[in-house]
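Numbering of ligands and ligand atoms starts at 1, following listing order. Keep in mind that what you see is a predicted model, and the values were worked out from it rather than measured.
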Amino acid sequence: MYILGIESSCDDTSAAVIADGGLLLSNVIASQKVHEEFGGVVPELASRAHQQNIVPVVDTALRRAGIDKHQLSAIAFTRGPGLLGSLLVGTSFAKGLSLGLRIPLVDVNHLHGHVLSHFVKRMPDDRVPEFPFLCLLISGGNSQLILVRNYNDMEVLGATIDDAAGEAFDKCAKVMGLPYPGGPHIDRLAAEGNPKAFRFAKPHIPGLNYSFSGLKTSFLYTLRDAVKQDPDFVTKNQADLAASLQATIIEILLDKLRKAVQQTGVRTVAIGGGVSANSGVRRAVADFCTERNLEAFIPERAFTTDNAAMIAMAGYFKYLDSDFCRYDQVPFARVTV
Ligand code: KG4
């Protein structure tokens with residue numbers, strides 16, 4: 001069995017092929033550089049770049065997998081959430097290919113893809129999580145704590161009520177004058193800084209929900225006041241600011257993760273989404289699990305950002321359930337788990 005996955009929800013065009021059991025045969029990602037000068041993703045430009053990339057990306061994925069398109073069993077694609085124009089490119093392409101090859105079409109919720117990325121295998125005997133497990137899904141658009149009971153049974157226990165963790169990284173990085181997306185820059189600078197140099201506000205939100213907008217405001221005001229005294233404040237304190245910001249975000253994330261583990265009693269914790277590429281987050285979650293004798297699943301960095309391997313994986317499970325997509329289905333910009 002071979003499943004082709006197609007991902008085009010934001011600014012990465014990706015195609016991947018997985019074989020039976022989730023064995024990854026190829027995962028091709030074309031990133032779009034065109035947005036850098038605008039300080040964020042420009043939807044119109046993203047859709048156009050997807051149109052340029054989609055055919056060569058799918059072609060390369062099939063070639064690297066060493067298979068012909070006629071050997072495919074199904075086409076899985078990201079139906080949402082994401083940018084509608086971007087999603088339309090992947091959706092239309094997937095529909096066309098599925099019709100042309102006369103094989104089933106499977107729609108995938110992008111967030112399910114992130115959660116199920118832990119089942120993608122590089123080698124047949126790679127370790128995968130056992131159900132139930134908790135997944136901390138942290139990206140530029142989402143911050144959620146998800147109880148994963150099965151491939152097709154997920155419950156959001158908590159989510160952000162305002163900004164996502166990735167937005168906190170990116171918006172604070174912007175205030176520091178760093179390029180977009182700022183998360184990786186903060187990560188790099190934080191490695192050289194003192195995480196206790198500055199203190200920023202932390203939210204007091206009941207339950208398992210997150211909030212990051214207060215931290216963003218506190219960070220902005222700290223810098224604004226300090227720059228009045230010393231115009232070179234940010235340049236002089238770049239590493240300490242980054243380290244302190246990252247440490248605060250990690251504390252906020254771990255505080256609710258701790259509560260979720262207590263409430264659910266689950267013994268396995270996974271992380272996913274773009275922010276799970278952060279070195280400090282990865283270390284903190286790994287340490288958190290070691291201290292409590294929990295099993296940790298920290299994804300390979302290639303699977304933290306948008307990729308079609310996770311879409312093919314989620315599609316594989318739906319394919320096994322014969323859970324197919326009709327041709328009149330449309331993409332959706334917003335959806336939860
Ligand atoms: O999952 P993702 O690729 O897509 C969106 O949801 O948009 O996540 C992108 C987010 C951005 O906010 C980016 O700054 C953040 O993930 N990110 C990081 C790191 N790498 C990516 N944040 C902190 N540290 C990193 N190393």
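Test Lys318, Lys95, Gln329 against Asp107 for side-chain hydrogen bond (donor to acceptor under 3.5 Å, both in side chains) and you get one pass: Lys318.
In this model, a donor atom of one side chain and an acceptor atom of the other lie less than 3.5 Å apart for Asp306 and His110. Inspection of the Ser14 and Asn307 side chains reveals no N or O donor paired with an N or O acceptor under 3.5 Å. Inspection of the Asp187 and Ser279 side chains reveals an N or O donor paired with an N or O acceptor under 3.5 Å. For the residue pair Asp20 / Tyr316, a side-chain donor-acceptor distance below 3.5 Å is found, with atom types taken as modelled. In summary, the side chains of His50 and Thr13 do present a donor paired with an acceptor at a separation below 3.5 Å, with no hydrogens or angles considered. Side chains of Glu7 and Ser9: a donor on one and an acceptor on the other come within 3.5 Å.
Looking at ligand 1, you won't find any N or O of Phe169 less than 3.5 Å from one of its N or O atoms. Among the atoms of Gly183, some N or O lies under 3.5 angstrom from an N or O of ligand 1. Between Gly141 and ligand 1, an N or O atom pair is found at a separation short of 3.5 Å. Polar contact check, Thr305 against ligand 1: no nitrogen or oxygen pair lies under 3.5 Å apart. Considering both main-chain and side-chain atoms, Glu167 never comes within under 3.5 Å of ligand 1 through any nitrogen or oxygen pair. For ligand 1, one of its N or O atoms has an N or O atom of Asp170 under 3.5 Å away. Of the N or O atoms in Pro181, none lie within a sub-3.5 Å distance of an N or O in ligand 1.
Cluster membership check: Val175 shares its hydrophobic cluster with Phe169, using side-chain heavy-atom separations under 4.5 Å among Ile, Leu, Val, Met, Phe, Trp and Tyr.
Within the structure, ligand 1 lacks Cys10 among the residues with a heavy atom less than 4.0 angstrom away.
Closest to atom 24 (N) of ligand 1 among all protein heavy atoms lies Asn278 ND2, 3.0 Å. Distance from atom 5 (C) of ligand 1 to its nearest protein heavy atom, with residue and atom name: Gly140 N, 3.5 Å.
Within ligand 1, the atoms closer than 4.0 Å to a non-hydrogen atom of Asp187 are 24 (N), 25 (C), 26 (N), numbered from 1 in the order shown. Within ligand 1, counting atoms from 1 as listed, the ones closer than 4.0 Å to a heavy atom of Gly274 are 1 (O), 2 (P), 8 (O), 16 (O), 17 (N), 18 (C), 19 (C), 20 (N), 21 (C). In summary, the atoms of ligand 1 found under 4.0 Å from a heavy atom of Ala277, numbered by their order in the structure, are 20 (N), 26 (N). Distances below 4.0 Å separate heavy atoms of Gly166 from the following atoms of ligand 1: 12 (O).
The cationic atom of Arg149 (NZ for Lys, CZ for Arg) does not lie both less than 6.0 Å from the six-membered ring centre of Phe133 and within 45° of the ring axis.
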